[in-house]
Amino acid sequence: MFQSQSTKGMLALAAMTLITGTTASLETCESGTVFSCSSSSETPTCCFNSPGGALLMTQFWDTSPSTGPDDSWTIHGLWPDNCDGTYEASCDSKRAYTNITAILKEQDRSDLVDYMDDYWVDINGDNEDFWSHEWSKHGTCINTIEPSCYSGYTAQEEVGDFFQKTVDLFKNLDTYKALSAAGITPSTSKTYTLAQIQKALTGLHGASVYLGCSSSKLNQVWYFYNVKGNAIDGTYKAVDTLTTSGCPKTGIKYVPK
């Protein structure tokens with residue numbers, strides 16, 4: 001994928017800017033549906049994400065303690081944003097489930113659980129608590145996957161869809177490989193500029209990203225999308241970050257796990 005700058009750019013636009021999926025039971029959306037965040041006059045429906053119209057695929061680079069494989073970033077979550085950097089949180093206490101593993105296994109998604117145990121990892125070692133937090137805080141605020149949007153709804157069906165979609169987006173955004181292809185590799189001595197890192201990940205995503213740092217150490221990236229249709233099988237379009245990066249312009253450390 002990362003053969004040259006021009007090839008990389010074309011592939012980013014072709015493969016990353018528009019991402020689609022399939023699901024059988026969510027409401028079918030008309031082809032004329034507009035992208036989220038494109039109109040403040042659109043009424044929230046099962047085919048229009050609102051108020052959380054922007055969806056963020058967020059990732060961690062945890063090093064103290066380390067989480068996940070040494071050559072991969074890990075999943076933080078999939079977050080709805082109100083198209084302006086603000087967001088709703090914990091929108092439905094009745095669906096704040098704390099048994100995510102059991103729900104996914106009941107849906108025959110054991111392979112998904114295994115993948116999440118490797119790549120969606122809690123810094124304190126409690127993956128189940130982390131997953132429950134991400135679902136209850138963010139997943140319950142995505143209006144296009146509310147139970148009423150399903151035909152023939154099965155209890156907690158939207159939970160499996162949410163986690164599967166988050167993982168699918170993550171697999172299409174290999175932050176580690178994109179940085180490595182640009183010569184940005186974990187090091188105890190090298191430092192990088194914000195512009196270098198931004199360029200590499202903009203090339204991957206097709207739009208600018210949010211970069212987060214702690215004590216000048218790179219540890220977060222957020223990829224922003226607008227969506228046409230519902231959050232599961234709608235069309236995802238990469239859009240620029242809505243949040244100013246929290247890293248210095250120079251001297252950024254990207255330390256090894």
Side-chain angles (χ1 to χ4, degrees), residues 49 52 54-82 86-147 150 153-176 210-215 217-225 231-232 243 246 255-257:
N49 292 279
L55 291 177
L56 285 61
M57 198 293 109
T58 60
Q59 300 182 17
F60 275 137
W61 180 256
D62 287 327
T63 60
S64 182
S66 299
T67 63
D70 293 345
D71 61 350
S72 177
W73 286 55
T74 56
I75 299 170
H76 190 170
L78 181 63
W79 306 345
D81 181 289
N82 296 335
T86 66
Y87 63 93
E88 310 296 323
S90 303
C91 296
D92 188 350
S93 60
K94 293 181 180 179
R95 293 189 294 138
Y97 306 120
T98 58
N99 57 332
I100 301 302
T101 297
I103 291 171
L104 297 182
K105 287 187 174 181
E106 180 65 23
Q107 297 176 5
D108 295 323
R109 297 180 187 261
S110 293
D111 288 346
L112 175 61
V113 174
D114 291 343
Y115 187 91
M116 289 164 57
D117 271 326
D118 289 333
Y119 291 96
W120 198 332
V121 190
D122 178 54
I123 196 169
N124 296 314
D126 191 345
N127 293 349
E128 183 71 31
D129 183 68
F130 184 25
W131 302 340
S132 297
H133 168 81
E134 289 299 310
W135 164 253
S136 62
K137 182 176 180 179
H138 300 291
T140 62
C141 294
I142 301 176
N143 69 292
T144 58
I145 60 170
E146 292 177 359
Y150 286 78
Y153 176 71
T154 301
Q156 291 94 45
E157 187 171 1
E158 76 279 20
V159 178
D161 284 348
F162 169 80
F163 283 99
Q164 185 65 64
K165 186 63 183 183
T166 306
V167 165
D168 290 345
L169 290 168
F170 173 74
K171 288 180 177 180
N172 277 294
L173 293 167
D174 194 327
T175 302
Y176 186 91
Y210 167 86
L211 296 167
C213 288
S214 176
S215 300
K217 295 178 182 178
L218 182 64
N219 67 353
Q220 291 193 71
V221 59
W222 303 352
Y223 298 94
F224 288 70
Y225 292 98
I232 305 304
T243 307
V255 298
K257 289 186 180 182

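- Of all non-hydrogen atoms in I100 and S132, the two that sit nearest each other are CG1-OG, 3.6 Å.
- Contact check for D122 versus T67: no side-chain heavy atoms found under the 4.5 Å cut-off.
- Looking only at distances, no side-chain donor or acceptor of T63 sits under 3.5 Å from a matching main-chain atom of V255.
- Counting heavy atoms from C-beta on, the side chains of L56 and Y223 never come closer than 4.5 Å.
- Judged by distance alone, with hydrogens and angles left aside, the side-chain atoms of E157 form no donor-acceptor pair with the main-chain N or O of Q107 at under 3.5 Å.
- Across W61, Y176, W222, a single residue satisfies ring-ring contact (aromatic ring centres under 6.0 Å, His included) together with W73, and that is W61.
- Figure legend: K137 and Y87 shown without cation-pi pairing, the cationic atom not lying both under 6.0 angstrom from the six-membered ring centre and within 45 degrees of its axis.
- Residues Y150 and D161 have side chains in contact (heavy-atom distance under 4.5 Å, counting atoms from C-beta outward).
- Between S90 and C141 the shortest heavy-atom distance is N-SG, 3.6 Å.
- Put simply, OG1 on T154 and CD on Q156 are 9.5 Å apart, with the number rounded to the nearest 0.5 Å.
- Minimum heavy-atom separation, F130 to I75: CE2-O, 3.9 Å.
- Shortest non-hydrogen contact noted between N99 and E128 is C-OE2, 3.2 Å.
- By the 6.0 Å contact criterion, CG on D111 is open, its count of non-hydrogen atoms from other residues, nucleotides or ligands being 12 or less.
- L104 has its side chain within reach of M116: a pair of non-hydrogen atoms, C-beta onward, lies under 4.5 Å apart.
- Between E158 and R95, at least one side-chain nitrogen of the basic residue sits less than 4.0 Å from a carboxylate oxygen of the acidic one, meeting the salt-bridge criterion.
- Between K257 and T74, some side-chain heavy-atom pair lies under the 4.5 Å cut-off.
- Separating the OH atom in Y225 from the CG atom in L169 is a distance of 5.5 Å, to the nearest 0.5 Å.
- Centroid-to-centroid, the aromatic rings of F162 and W135 come within less than 6.0 Å.
- Rounding to the nearest 0.5 angstrom, the gap separating the NZ atom in K165 from the CZ atom in F170 is 15.0 Å.
- Nearest approach of I145 to A231, heavy atoms of both residues: CG2-CB, 4.4 Å.
- Side-chain contact between E134 and H76 is present, with heavy atoms from C-beta onward closer than 4.5 Å.
- Residue E106 places its CD atom among 12 or fewer non-hydrogen atoms of other residues, nucleotides or ligands, all under 6.0 Å distant.
- Of the candidates D118, T101, D117, N127 forms a side chain to side chain donor-acceptor pair (under 3.5 Å) with just one, namely D117.
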Quiz item: Can you list the steps and then say if V221 with T58 is a side-chain contact (heavy atoms from CB on, under 4.5 Å)?
Solution: CA-CA 6 Å; V221 59; T58 60; over 6 Å; no
Practice problem: Begin with the C-alpha distance, continue with both residues' side-chain angles, and end with the deciding distance and a verdict on side-chain hydrogen bond (donor to acceptor under 3.5 Å, both in side chains) for T144 and N49. | Solution: CA-CA 6 Å; T144 58; N49 292 279; 2.7 Å; yes
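- Taking all atoms of both residues into account, the shortest heavy-atom contact from L173 to Q59 is O-NE2, 3.1 Å.
- Between Y119 and P69, some side-chain heavy-atom pair lies under the 4.5 Å cut-off.
- Using a 4.5 Å heavy-atom threshold, the side chains of T166 and W120 count as touching.
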